[in-house]
There are 2 protein chains.
Amino acid sequence: MESLADYFKVFSEPNRLTVLETLRPGPLNVTAVVEKTGLSQALVSKHLKLLTIAGVVRRRPEGSLVFYEVIDKGVFQLLVQARKLMLASRRQQLDALAAIL
Amino acid sequence: MESLADYFKVFSEPNRLTVLETLRPGPLNVTAVVEKTGLSQALVSKHLKLLTIAGVVRRRPEGSLVFYEVIDKGVFQLLVQARKLMLASRRQQLDALAAIL
DNA sequence: ACGTAGTATCACGTTGTCGTTATGACGTGA
DNA sequence: TCACGTCATAACGACAACGTGATACTACGT
């Protein structure tokens, strides 16, 4: 939240990205995320908290359940763009390698 | 490089972002980056290596100097987009807080 | 009031990352 | 070949992040 680097850090963890992807289609409660991801409940709870603090996700208690939902789906566009750049980088790496060999 | 999370990790470090920003205008050799950033030489070298491995930056030895340059300036667009989302998140956070108070 | 399901948090061990200091490697010019 | 500037790497300590197991908290139904 502090710096831009901290914001990137939010997405720099595989399990956290998995949790985030789970919420792509729509709101889910914690247990649902746990089941979909196969991660431990404590871990999912932690990641959801972090995502909440980062302002990526909104927490909405409903009875005894707690639903989480992505606030701005634009984050997924960020993921897409990052993946594009990443793949382009890889291509470039291979080309550089091929140029040597 | 492996996963998308790893790619995000590249940008999740303040000093590394600083180094990257330094290369925005154009290629620079290591010492120049050191001077512009005020970071230690060893640290700059490390970050540049990481950026190179990530395919964000290209290494080009020239005599006894080693120049680094950003391969795809599209990365800066990624930074911009991330910052936008981050600021939007902050606004949202404040609004949520205001709604409570 | 009690038990239970759902969620959050704590304490802990493990691992990874960052930064520094010191040293090594390389190219260049004298 | 020697000294120097430039860059990379190694070794180390400090610290943060991750994941787990256990435990607290809360809302609900009985």
Side-chain angles (χ1 to χ4, degrees), chain A residues 1-23 26-70 96 100, chain B residues 1-23 26-70 96 100:
Chain A
M1 284 213 319
E2 268 295 314
S3 66
L4 184 59
D6 286 340
Y7 191 72
F8 273 105
K9 199 170 296 187
V10 173
F11 308 101
S12 70
E13 223 287 321
N15 288 335
R16 201 149 51 227
L17 282 185
T18 302
V19 168
L20 185 55
E21 284 293 341
T22 297
L23 296 178
L28 287 180
N29 67 329
V30 179
T31 302
V33 174
V34 168
E35 288 169 352
K36 291 219 175 196
T37 60
L39 302 175
S40 77
Q41 186 268 320
L43 188 55
V44 168
S45 206
K46 271 192 186 178
H47 283 311
L48 285 174
K49 177 170 190 176
L50 233 168
L51 287 169
T52 304
I53 291 177
V56 175
V57 146
R58 178 185 305 127
R59 193 185 112 107
R60 181 161 46 82
E62 189 137 336
S64 70
L65 305 184
V66 178
F67 284 84
Y68 286 87
E69 70 179 316
V70 176
I100 295 175
Chain B
M1 285 216 315
E2 267 297 313
S3 66
L4 184 58
D6 286 340
Y7 190 72
F8 273 104
K9 198 169 297 186
V10 173
F11 308 102
S12 70
E13 222 287 320
N15 287 334
R16 201 149 50 227
L17 281 186
T18 302
V19 168
L20 186 56
E21 282 294 341
T22 297
L23 296 178
L28 286 180
N29 67 328
V30 179
T31 303
V33 174
V34 169
E35 287 168 353
K36 291 220 175 198
T37 59
L39 302 175
S40 78
Q41 187 267 320
L43 188 55
V44 168
S45 206
K46 271 193 187 178
H47 284 311
L48 285 173
K49 177 169 189 175
L50 233 169
L51 289 168
T52 305
I53 292 176
V56 175
V57 144
R58 179 185 305 126
R59 193 185 113 108
R60 182 161 46 83
E62 190 138 334
S64 71
L65 305 184
V66 178
F67 283 83
Y68 285 88
E69 68 180 317
V70 175
I100 295 174

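Lettering of chains follows the sequences in order, A, B, ..., and the numbering in each one begins at 1.
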Practice task
Mind calculating the distance between CG (Leu65(A)) and P (dA5(C)) to the nearest angstrom?
Solution key: 13 Å
Fill in the blank from the handout: In whole angstroms, the gap separating P of dC18(C) from CZ of Phe11(B) amounts to 14 Å
Problem - Note, Asp6(A) side chain near Lys9(A) side chain (heavy atom, < 4.5 Å) - result: yes
Handout entry: Side-chain N or O of Tyr68(A) closer than 4.0 Å to phosphate OP1/OP2 of dG6(C)
Key = no
Exercise for the section: For dA17(D), take OP1 and OP2 only and decide whether either is under 4.0 Å from a side-chain N or O of His47(A). Expected result: no
Practice task
Evaluate the side-chain proximity of Tyr68(B) to Val19(B): yes if any heavy-atom separation is below 4.5 Å, no if none is.
Solution key: no
Handout entry: Residue that, paired with Glu13(A), satisfies side chain to side chain contact (heavy atoms under 4.5 Å, CB included) out of Asn15(A), Val10(A), Leu17(A)
Key = Asn15(A)
Problem - Heavy-atom closest contact (Pro14(A) atom, Ala5(B) atom, distance) - result: N-CB, 3.5 Å
Handout entry: Pairwise distance CD(Glu69(A)) to CZ(Arg58(A)) - rounded to 0.5 angstrom
Key = 5.0 Å
Exercise for the section: Output the residues of residues 28-45 of chain B in contact with DNA chain C, where contact means a heavy atom of the residue under 4.0 Å from an atom of the strand; sort by number or write none. Expected result: Ser40(B), Ala42(B), Leu43(B)
Problem - Side-chain N,O (Arg59(A)) to OP1/OP2 (dT7(C)) below 4.0 Å - result: no
Problem - From CG (Leu4(A)) to CD (Glu21(B)), nearest 0.5 Å - result: 8.5 Å
Exercise for the section: Please report, rounded to the nearest Å, how far the P atom of dG16(C) is from the CZ atom of Phe8(B). Expected result: 22 Å
Handout entry: Pair of N/O donor and acceptor under 3.5 Å linking dT7(C) base with Lys49(A) side chain
Key = no
Handout entry: DNA chain D: 5'-proximal contact among Leu50(A) and Lys46(B) (nearest heavy atom)
Key = Lys46(B)
Handout entry: Partner of Val44(B) under side chain to side chain contact (heavy atoms under 4.5 Å, CB included), chosen from Thr31(B), Thr22(B), Val33(B)
Key = Val33(B)
Practice task
Determine whether Leu48(A) and Leu23(A) make a side-chain contact, defined as any pair of heavy atoms from C-beta on separated by less than 4.5 Å.
Solution key: yes
Completion exercise
Contact check, residues 13-22 of chain A vs DNA chain C, heavy-atom distance under 4.0 Å, returns none
